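Shown next, in structure tokens, is the structure this report addresses.
Just so it is clear, the structure is predicted and the values come from calculations on it, not from any experiment. Order of listing sets the numbers, starting from 1, for every ligand and every atom in it.
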Amino acid sequence: MTVLAYDLGASGGRAIAGRLVGRTIELEELHRFPNDPVEVGARLHWDVLRLYHEIKQGLLKAKHAGRTPDSVAIDSWAVDFGLVGRNGELLGNPYHYRDRHTDGVMEKLFEEGMARETIFSRTGIQFLPFNTIYQLAAMKRDRSPLLREASRFLMIPDLLRYFLTGDMHNEFTNATTTQLYNPLRGGWDEELLAGVGADPSWFGPVLQPGADAGRLRASVAAELGVGAIPVVAAAEHDTGSAVVAVPAASRSFAYLICGTWSLMGTETERPVLDERALALNFTNEGGAFGTYRLLKNIMGLWILQETKRQWEREGANYTYPELVALAERAPAFGAWIDPDDARFLQPGDMAERIRGYCRETGQRPPEGPGGLVRCILESLALKYRYVLELTEQVSGKTFDGLHMTGGGIRNELLCRWSANAIGKPVWAGPAEGSAIGNMAVQWIARGELADVWEARAVIRESFPSAVYEPEDREAWEDAYGTFRRVTGLA
Ligand SMILES: C[C@H](O)[C@H](O)[C@@H](O)C(=O)CO
């Protein structure tokens with residue numbers, strides 16, 4: 001059985017065909033495409049029609065490769081959405097979560113009486129300034145005409161799936177990232193919706209991962225010359241799919257999903273809504289098959305991606321392997337940043353912001369591209385240590401090591417330094433975690449695999465993890481103490 005997984009990330013997308021041959025997964029990347037946000041005036045948008053075009057290209061390539069799939073499913077980054085009008089048409093291009101229209105909105109809502117404690121107790125979701133709830137509040141503040149015409153709210157995978165099938169559904173794992181979904185009630189939170197001027201009728205019943213989500217509509221099937229291929233609801237939040245694919249063998253495991261963002265946490269059977277989880281700003285995003293993802297967002301390789309883009313704008317073109325080699329040769333433990341300082345969220349001159357952060361914290365700014373990239377990677381590794389310790393505190397579990405998956409594991413230096421920083425083994429793989437998790441849910445839905453644990457066993461056998469054992473323990477232990485002091489991370 002061949003399934004097709006679309007995995008759309010903030011920097012690019014893939015269409016990957018997967019075949020289950022006995023207990024081995026065979027992957028074939030059929031289509032890879034960029035995902036370039038578009039700036040219009042002061043606004044930053046996703047080019048969602050372009051993404052839909054690429055999705056159709058993926059199906060055409062599957063057909064031409066003789067890999068017409070038995071089912072397809074889509075996963076993508078979280079929080080962003082489109083509004084559909086009463087005539088079934090998209091009202092406007094979705095905002096990018098790094099658009100500045102949400103600046104200050106979260107704090108304003110708190111001032112207006114929407115208490116942090118209330119929002120958290122109802123949704124279990126971490127406070128990030130770009131969460132869907134604050135995007136809708138910003139549109140309300142700006143009297144967006146879309147709000148007057150809207151009839152349905154669809155997140156990015158919901159929207160692309162609607163374009164393919166003609167059916168409108170909201171999927172669970174992604175819905176939970178809005179900070180508008182109440183997992184205890186098992187539905188959208190009407191009071192929070194009302195609080196940001198969103199009409200509850202825009203929000204449909206949610207589909208659980210694995211559910212049937214329709215078939216290619218006749219016009220699409222005809223256009224592409226394929227049949228009415230079934231569409232399955234994957235864990236459509238890419239991090240949700242990636243967690244499905246973590247090749248863990250026991251129920252108590254820690255993961256780090258490493259891409260543009262770094263998502264670190266563990267899997268739980270119910271949301272953890274206590275004061276400590278709130279105080280440490282953990283999130284409980286919905287998972288597949290009755291689970292939750294207790295995790296924290298860490299700014300991740302976005303800082304390196306944006307630094308590289310800045311250098312390219314200035315005419316200096318480095319490849320990632322070149323930057324990693326320069327970092328490895330740079331002096332160790334020169335300076336550190338807290339990657340989650342707010343100044344690193346927006347696009348722009350990251351190198352100057354890093355130097356500024358170092359000056360402000362009494363550190364000598366890193367020199368040259370090698371020094372700067374080393375500062376970013378060491379800081380990420382040390383922040384992983386910090387968040388892993390918090391995850392143990394909030395979950396009450398102790399972890400023997402860390403599963404690291406996602407495209408970021410191709411950065412072996414980061415894997416190695418992460419093991420050194422946490423002082424435990426890192427098991428790295430698979431790199432295409434989200435796409436493989438997307439496929440696993442399709443195979444489970446179609447009875448090819450019994451459940452997530454059989455899927456994880458098959459993934460473990462098909463993609464053996466690279467193991468990084470911790471080294472230089474004393475040096476990294478000292479570094480961790482200094483890192484916490486200079487960054488003020490208590
Ligand atoms: C905003 C991010 O998209 C989200 O928090 C993260 O989980 C993600 O989706 C990474 O791709």
_I need the atoms of ligand 1 closer than 4.0 Å to a non-hydrogen atom of Asn297, numbered in the order shown._
4 (C), 5 (O)
*asked:* For Phe399 and Tyr255, I'd like to know if the aromatic rings sit close, meaning centre-to-centre distance below 6.0 Å.
replied: no
*Check Leu263 against ligand 1 and report side chain, backbone, both or neither, counting heavy atoms closer than 4.0 Å.*
side chain
*Are Glu378 and Trp417 close enough that a side-chain donor and a side-chain acceptor fall under 3.5 Å?*
no
*Quick check: does Trp261 get an N/O under 3.5 Å from an N/O on ligand 1?*
no
*Atom CZ of Arg43 with >12 non-hydrogen neighbours under 6.0 angstrom*: yes
*Among protein heavy atoms, which sits nearest to atom 10 (C) of ligand 1, and what does the distance come to when rounded to 0.1 Å?*
Asp238 OD1, 3.7 Å
*Start with the C-alpha gap between Lys397 and Thr266, add the side-chain angles, then the distance that decides, and say whether side chain to side chain donor-acceptor pair (under 3.5 Å) holds.*
CA-CA 9 Å; Lys397 301 177 184 178; Thr266 187; 3.1 Å; yes
*Spell out, as yes or no, whether a donor-acceptor pair under 3.5 Å connects the side chain of Thr2 to the backbone of Pro69.*
no
*Less than 3.5 Å between some nitrogen or oxygen of Val79 and one of ligand 1, yes or no?*
no
_Are more than 12 heavy atoms, taken from residues, nucleotides or ligands other than Glu275, located less than 6.0 Å from that residue's CD atom?_
no
_Candidate with minimal heavy-atom separation from atom 8 (C) of ligand 1, of Arg98, Gln126, His237_ = His237
*ligand 1 versus Trp77, non-hydrogen atoms closer than 4.0 Å: side chain, backbone, both, neither?*
both
_Just to confirm my output: which protein heavy-atom neighbour is closest to atom 1 (C) of ligand 1, and how far is it?_
Phe130 CE1, 3.5 Å
